[in-house]
Structure formats: structure tokens, C-alpha cells
Amino acid sequence: MKKGLFITFEGADGCGKTTQMKLLADYLKSQGFEVVLTREPGGKGLGEKVREILLNYEGEVSDRCESFLFLADRAQNIDIIVNPAVEAGKIVLCDRHIDSTVAYQGYGRGLDLDRIKMLNSLATNGKKPDLTIVFDIDVETSMKRVGSEKDRMESAGIEFHNKVRNGYLEIAKEEPERIKVVDACKTIEEVFEDVKKLADNYLFTKNIH
Ligand code: TMP
């Protein structure tokens, strides 16, 4: 039976992860793999509606409510999109996943990290990505890339985004086998060289072809 794979893309707003995910999808397809792209929040259907609320709702949102909405979307993405595709032997690339909640709601908003991790585990049924790439970038550069039209999360301020960045680096230290950090300040082509190396290396070590 073919082995499926679940790879997640993480990092600050404006870090370039979505562009890199699409480049990796094209590369993997050119190597003959079946690739499925998804994202959190908002893989498809119900997830899109949750995303709309999370990014554009203008009223007050409590930090715990925000967390549960991200987690609800995650459960849906895992059950409806990720697991069926991985079980069918496909490579699933997901734009944000569990580590976003630890970085943004845990480190950023200051919610209890152990609780967030426990809730993540409920949302995913305990499954973790096979490989996670964190795109590290300083907040000044990432906010410049985001530009002046910011959504609800992007408007959370420099201090918040610094905590998120440091959060990602802490998470990466805790799970060095799964989580790899790349320098996202470089050009798109240079960053993609690093991403391709990581993916190739993973596929080679796990004997996936
Ligand atoms: P993006 O899809 O453009 O990256 O935007 C999603 C936003 O939602 C981004 O600011 C990060 C944030 N987010 C969280 O705060 N927690 C989460 O669990 C997830 C998945 C995203």
C-alpha cells in the first residue's frame, strides 16, 4: 500500500508560507505524487464560514472563543479533508495547523500552553503532522509584506506578533524531529531550495516514492 503523508506550513502572517506550499505542491506533482492542498482556518465548506468569522468579525471575541473556533475548524479539516486523503496514499499539504494555535493563542494571547496542546489533541484525534516547516521572519519585515490592509489577527500589534514568532521558535526546539525552521527573509527561490531539500530528505529517509 502507498504511504500517505501530512506536511504543515507554519509561521507569522506575511512569512511567505502559502507561496512555498504551492511551489512544493507543483514540485511533488512533477515527481508523480498525488497532492492535496488545504488550509486552516477554512479548508472548504463549513471551514470557509468559520474562517470568515475568525478573520473578519468586528465585534468582541474572547480569547477562549477564538481558540475553540480554530479548533472546531481543525477537527473538520482533519476528518473531512486530511485523514481521507492520507489514508488514500496522498500527500496533504496544509497551510497552518496545530502549531498556529500554540503560537498564536498560547504564546500570543497567553492562554495556558498545556491546555491548548490538550485541546489540539482532541481536535486532531491525537494525530500530528509527519513534517512541519516553520518560516521564520522578523516581525518588521513580515508586517511590511502584509501591507496596510490587515485582517483581525494581523491587526493584533507588534508585541503580539513578536510573542508569536518566539512561540514558534520554542515549539520547534521542543520537537526538532518533526519541526524544521527555515529562514523566510531570503528570496522566494532561495527559501524554496531549503523547502525542497527538507521534503526530499524526508521522502528519502522514509523511503517514500
Ligand atoms: P492565514 O491563513 O492568512 O495565514 O491567516 C490565518 C490567521 O489566523 C493568521 O493570522 C493566524 C491565525 N490563526 C490562529 O491565530 N490560530 C490558529 O490556530 C490558526 C490555524 C490560525
Side-chain angles (χ1 to χ4, degrees), residues 6-22 24-25 37-44 46-58 60-82 92-124 127-129 132-137 139 141-171 179 184 191:
F6 182 31
I7 305 178
T8 57
F9 291 69
E10 295 278 3
D13 298 85
C15 69
K17 63 185 167 34
T18 310
T19 305
Q20 295 296 329
M21 184 172 100
K22 288 181 184 150
L24 185 63
L37 297 181
T38 183
R39 67 173 176 179
E40 294 180 13
K44 65 175 179 189
L46 176 64
E48 291 291 354
K49 291 196 186 287
V50 180
R51 180 181 179 90
E52 174 62 25
I53 300 172
L54 277 162
L55 300 190
N56 298 323
Y57 183 71
E58 287 178 357
E60 190 179 356
V61 184
S62 89
D63 292 347
R64 290 192 323 119
C65 171
E66 177 182 280
S67 305
F68 278 114
L69 287 172
F70 281 119
L71 290 156
D73 167 76
R74 178 155 309 134
Q76 173 86 351
N77 186 40
I78 281 285
D79 291 348
I80 307 286
I81 302 173
V82 178
V92 178
L93 306 184
C94 185
D95 193 341
R96 298 196 179 282
H97 188 57
I98 48 174
D99 304 301
S100 282
T101 318
V102 178
Y104 280 77
Q105 281 64 51
Y107 285 93
R109 300 282 192 220
L111 297 185
D112 184 88
L113 293 173
D114 288 334
R115 279 188 172 184
I116 293 281
K117 289 176 189 171
M118 192 261 287
L119 291 168
N120 259 338
S121 169
L122 279 177
T124 61
K127 181 179 165 61
K128 282 197 178 179
T132 295
I133 306 175
V134 168
F135 296 85
D136 182 50
I137 188 166
V139 175
T141 312
S142 68
M143 282 297 126
K144 262 193 212 140
R145 285 188 188 173
V146 168
S148 56
E149 272 199 25
K150 295 185 169 59
D151 64 34
R152 198 179 66 81
M153 298 303 297
E154 288 160 353
S155 312
I158 297 285
E159 198 189 328
F160 173 81
H161 286 286
N162 263 319
K163 288 185 194 162
V164 170
R165 181 192 188 189
N166 292 334
Y168 272 124
L169 297 176
E170 285 303 314
I171 302 168
I179 306 175
V191 177

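The first residue of the sequence shown is numbered 1, and numbering continues consecutively from there. Counting convention: from 1, in listed order, for ligands and their atoms alike.
- Applying the side chain to side chain contact (heavy atoms under 4.5 Å, CB included) test between Ile116 and each of Asn120, Leu113, Asp114 identifies Asn120 as the sole match.
- Under a 3.5 Å cut-off, the side chain of Arg39 and the backbone N or O of Arg96 do not form any donor-acceptor pair.
- Between the side chain of Arg51 and the main chain of Gly42, no donor-acceptor pair closer than 3.5 Å is present.
- Sorted by first and then second residue, the pairs that involve residues 72-82 and meet salt bridge (charged side-chain N to carboxylate O under 4.0 Å, His left out), not counting sequence neighbours, are Glu40-Arg74.
- The protein residues lying under 4.0 angstrom from ligand 1, judged by non-hydrogen atoms, are Asp13, Lys17, Glu40, Pro41, Arg51, Leu55, Phe70, Arg74, Arg96, Ser100, Thr101, Tyr104, Gln105, Met153.
- Shown here are the salt bridge (charged side-chain N to carboxylate O under 4.0 Å, His left out) partners of Glu159, two or more places apart in sequence or in another chain: Lys163.
- Listed by first then second residue, pairs satisfying side chain to side chain donor-acceptor pair (under 3.5 Å) with a partner in residues 6-20 read Thr8-Thr132, Glu10-Ser100, Glu10-Tyr168, Asp13-Tyr104, Lys17-Asp95, Thr18-Asp95, not counting sequence neighbours.
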